[in-house]
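We name chains A, B, ... by the order of the sequence lines, and we start the count at 1 in each one. As the structure is a prediction and not an experimental result, all values here were calculated from the model. Only this structure's heavy atoms are used, side chains among them; waters, hydrogens and symmetry mates stay out.
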2 protein chains.
Amino acid sequence: MTTGVKARSRRGGGRPTIADVALKAGVGAITVSRALREPDRVSLELRRQIMAVVEELGYVPDRNARALASARADVIGVLVPSLTNNVFAEVVRGIYDGLDQSHLQVQIGNTHYACNAEEDLLRIFLSQRPSALIVSGIDQSPVARSLLERANCPVVQIMEIGPEPVDMMIGFSHHEGGKAATRHLIEAGYRRIAFIGARMDPRSQRRLAGYRAAMEEAGLFDERLVTTTIRPSSVSMGSELFREAIARAPALDAAFCNNDDMALGALFECHRQGRAVPSDIGIAGFNDLEMMEVACPSVTSLRTHRYEIGRRSIAMALAAIAGHRPAEAIVDLGFELIVRESTKR
Amino acid sequence: MTTGVKARSRRGGGRPTIADVALKAGVGAITVSRALREPDRVSLELRRQIMAVVEELGYVPDRNARALASARADVIGVLVPSLTNNVFAEVVRGIYDGLDQSHLQVQIGNTHYACNAEEDLLRIFLSQRPSALIVSGIDQSPVARSLLERANCPVVQIMEIGPEPVDMMIGFSHHEGGKAATRHLIEAGYRRIAFIGARMDPRSQRRLAGYRAAMEEAGLFDERLVTTTIRPSSVSMGSELFREAIARAPALDAAFCNNDDMALGALFECHRQGRAVPSDIGIAGFNDLEMMEVACPSVTSLRTHRYEIGRRSIAMALAAIAGHRPAEAIVDLGFELIVRESTKR
DNA sequence: ACATTCGTTGGTAGCGCTACCGTTCCCTTG
DNA sequence: CAAGGGAACGGTAGCGCTACCAACGAATGT
């Protein structure tokens, strides 16, 4: 019997528990718990005494036990459609940086742009009772949306803004972004402006819609100028689609690409075909990756504040967890058109 | 009293528990638990009955309670030095893909190339009693190494290989990679071959050592050919360091860059300065990012199998969790030199 | 016929922590 | 001086699940 109990208590690999600390410090377990979580509620003297024992024993609270007892895991679930896409990598970096000294942990889920994966991951996240959820985009499936609404924790939708947030939202209008970039190309004197887009997720669709709006406004829209694919975007895909675009509309004089990888691919393809940028062909990208500035020629792009989106989404989540709902549930971070050589005719 | 109990049991937001399922299915709670975790040990009939109730109630096991009771969280901790670095993004993608249908979750920690951050994150991970740990590199601090050794779970070190694994290892030799790329440049007829490297983490240091070995072997080594910085690597940093390298060694005829971003930056800088690649300057990168193939000219690079490293590291971890230690604790995935236009004199 | 094993199921007792309520003690206040 | 209030701390009772052992009937062996 005794051995049984011993074996049992060794389950945790002999790590010290809160009871060990309490015993050694000569206080109750709950006081140790408070000293760690709400230091203000424990007298300075006792607190020091307890912290000394914590240090001495190398006590680390068991997150699982804590989560079970408080019905709340110190975890923020984050759902992104891709991890290799530079844009989301930056968002995620912002999220990690924004967390900084917080005791919370983030858990990333990769949906691969699939809404059923999103639902599954949401369910897994919810089974931990996360402190908050951050999800990408505003096009959740009805099931996913209902899961989010019943999540019983702060929810931040990121990257886009729309009329009906589940809870909070931070991002920018991809439609306006697409429109702004296209208008710039028109003002720069280009007329046969192609749209080149891969992956074509909802955000790219809205960029395309913005492009179309600007083109129609100027009476320049032509179906044949649009070349898209649902295949993943990449630099080589940019080259490939540019070739396709040229085949469909040989007289095109500019390309608005749905992201910078595609733009770079188009730029390389122009080099290869001996088409001069910006004189023969103007090129504009989307997101303004770091490399666009040093490309040769440098490439015009629409700068998006994706690191900032990550950082601020976490800040919003942390504030909401602490009970401070933001004044504005929807934050529009906008964008900035960075004009460079590739569109200077 | 009754209300107290009710309020208590509502902590979990009214979600069904295993007891609810057991009651409704007319079985013991432990049988439900088994039906979910070890279906083979429950008779088919009962299993079906239980699963029906699970579906009906929408029961999802509480991960925290499970972790507490079993002294093991269904979490694999992964430590990487960067999330925006394309290389690690691919590793992480491989890890997520390798997980696939497993019930385990991964938790990523970003060390920002700082070893104290690594120690802190390890401690946080360990406080959850992870099922396995995956860490980048082989240069852990003594403290981190000791934490890993006492982690009481499978540990996989990735990206590099070395003589003394904590447990298991999968990667390749950066020294040999650096040597192979440099030898290729020498064989291609280049003589004044610069090494250009940013960030200069331990892996880049080993690439540099490989470069140096190959250069000394050929009697071509010269301190002035080496230009490095500890600042983060990027395409623009590639341009900047290439300018610096030219200033230090005006007669250089090739550049081996410590990664492809740097190589791309060097390539753009050559364009800008009117230096022809590969005739005036040869350029070789490291990792073989997708874009190297479509660059103009296409860029020679040393392909590393980073996605594969991610996938197989997870496979090794899962196998070890299941009790199947691999025959070989150290897996060398090697590399592949992809020769392209940028080094064809 | 009996003992032995095995497959299947259930009861009990925690895992390590925190919510909830009590208690104590000191300081106001009338 | 009693009554009231608040700060500091502790005891009790779980959170929802699983490890461990026990129990039971059926199948097997001798």
Side-chain angles (χ1 to χ4, degrees), chain A residues 1-23 25-47 49-50 54 57 59-74 103 127-129, chain B residues 1-23 25-47 49-50 54 57 59-74 103 127-129:
Chain A
M1 206 59 180
T2 316
T3 51
V5 169
K6 270 199 174 171
R8 203 75 213 292
S9 65
R10 215 178 293 134
R11 258 205 218 165
R15 269 179 26 185
T17 71
I18 202 168
D20 298 328
V21 176
L23 193 70
V27 298
I30 190 69
T31 306
V32 175
S33 175
R34 269 197 286 258
L36 261 34
R37 291 175 303 131
E38 310 165 278
D40 296 344
R41 292 192 48 194
V42 177
S43 67
L44 186 64
E45 190 193 6
L46 218 51
R47 204 159 74 213
Q49 196 173 322
I50 290 169
V54 165
L57 297 181
Y59 168 72
V60 181
D62 184 309
R63 295 175 75 84
N64 302 123
R66 180 174 271 187
L68 179 58
S70 64
R72 179 100 324 178
D74 288 344
H103 63 289
S127 75
Q128 298 177 71
R129 309 174 189 282
Chain B
M1 208 58 180
T2 316
T3 50
V5 170
K6 269 199 175 171
R8 203 76 215 290
S9 66
R10 216 180 291 133
R11 259 206 218 165
R15 269 177 28 183
T17 71
I18 202 168
D20 297 328
V21 177
L23 193 70
V27 299
I30 189 68
T31 307
V32 175
S33 176
R34 268 197 287 261
L36 261 32
R37 291 176 303 133
E38 310 165 279
D40 296 344
R41 294 192 47 193
V42 176
S43 67
L44 186 64
E45 189 193 7
L46 220 49
R47 205 160 73 213
Q49 195 174 320
I50 290 168
V54 166
L57 297 182
Y59 169 72
V60 181
D62 184 308
R63 295 175 75 85
N64 303 122
R66 179 173 274 187
L68 179 58
S70 64
R72 180 98 326 181
D74 288 344
H103 63 289
S127 74
Q128 301 176 72
R129 308 174 189 284

Q) Do R47(B) and L44(B) come within less than 4.5 Å of each other through their side chains, counting heavy atoms only? A) yes
Q | Rounded interatomic separation in angstrom, taking CD from Q128(B) and C1' from dC15(C) | A | 16 Å
Q. Does R129(A) reach the main-chain N or O of A67(A) with its side chain, forming a donor-acceptor pair under 3.5 Å?
A. no
Q.
Taking 4.0 Å as the cut-off, does a side-chain nitrogen or oxygen of R37(B) come that near to OP1 or OP2 on dA19(D)?
A. yes
Q: Please determine, for the side chain of S70(A), which listed nucleotide (dC17(C), dC17(D), dT18(C)) has the closest atom?
A: dT18(C)
Q. Of all heavy-atom pairs between S127(B) and P61(A), which one has the smallest distance, and what is that distance?
A. CB-O, 3.5 Å
Q | Any V27(A) side-chain heavy atom under 4.5 Å of V42(A) side chain | A | no
Q. In whole Å, what is the span from the CZ atom of R15(B) to the C1' atom of dC17(D)?
A. 12 Å
Q. Considering all heavy atoms of both residues, which atom of L68(B) and which atom of A65(A) are nearest to each other, and what is their separation?
A. CD1-CB, 3.6 Å
Q. Looking only at side chains, do R37(A) and S33(A) share a donor and an acceptor under 3.5 Å apart?
A. yes
Q | Distance, rounded to the nearest Å, where R129(A) contributes CZ and dT18(C) contributes P | A | 16 Å
(Q) In this structure, how many angstroms lie between the P atom of dG16(D) and the CZ atom of R72(A), rounded? (A) 13 Å
Q) Rounded to whole angstrom units, what separation is found between the CZ atom of R66(B) and the C1' atom of dC15(D)? A) 16 Å
Q: Give a yes/no on whether any side-chain N or O of S33(A) is located under 4.0 angstrom from OP1 or OP2 of dC17(C).
A: no
Q. For D62(B) and dC17(D), what is the distance between atoms CG and P respectively, to the nearest whole Å?
A. 6 Å
Atom pairs, N/O to N/O, protein against nucleotides 4-11 of chain D, distance under 3.5 Å?
unit_1  : atom_1 : unit_2 : atom_2 : d
dC9(D)  : OP1    : S43(A) : OG     : 2.8
dC9(D)  : OP2    : S43(A) : N      : 2.6
dC9(D)  : OP2    : S43(A) : OG     : 3.3
dG10(D) : OP1    : G28(A) : N      : 3.2
dG10(D) : OP2    : G28(A) : N      : 2.9
dG10(D) : OP2    : T31(A) : OG1    : 2.2
dG10(D) : N7     : R34(A) : NH2    : 2.9

**Q.** Exercise: identify the closest heavy-atom pair between V32(A) and A22(A)
**A.** CG2-CA, 3.7 Å
**Q.** Sub-4.5 Å side-chain heavy-atom contact between L36(A) and V54(A)
**A.** yes
(Q) Angle between the two end axes of the helix from dA1(C)-dT30(D) to dG30(C)-dC1(D), five base pairs per end, rounded to 10 degrees? (A) 30°
Q: Calculate the interatomic distance between L36(A) atom CG and dA19(C) atom P; express it in whole Å.
A: 13 Å
Q) Has E45(B) got more than 12 heavy atoms of other residues, nucleotides or ligands less than 6.0 Å from its CD? A) no
**Q.** Separation of atom CG in N64(B) from atom C1' in dG16(C), rounded to whole Å
**A.** 12 Å
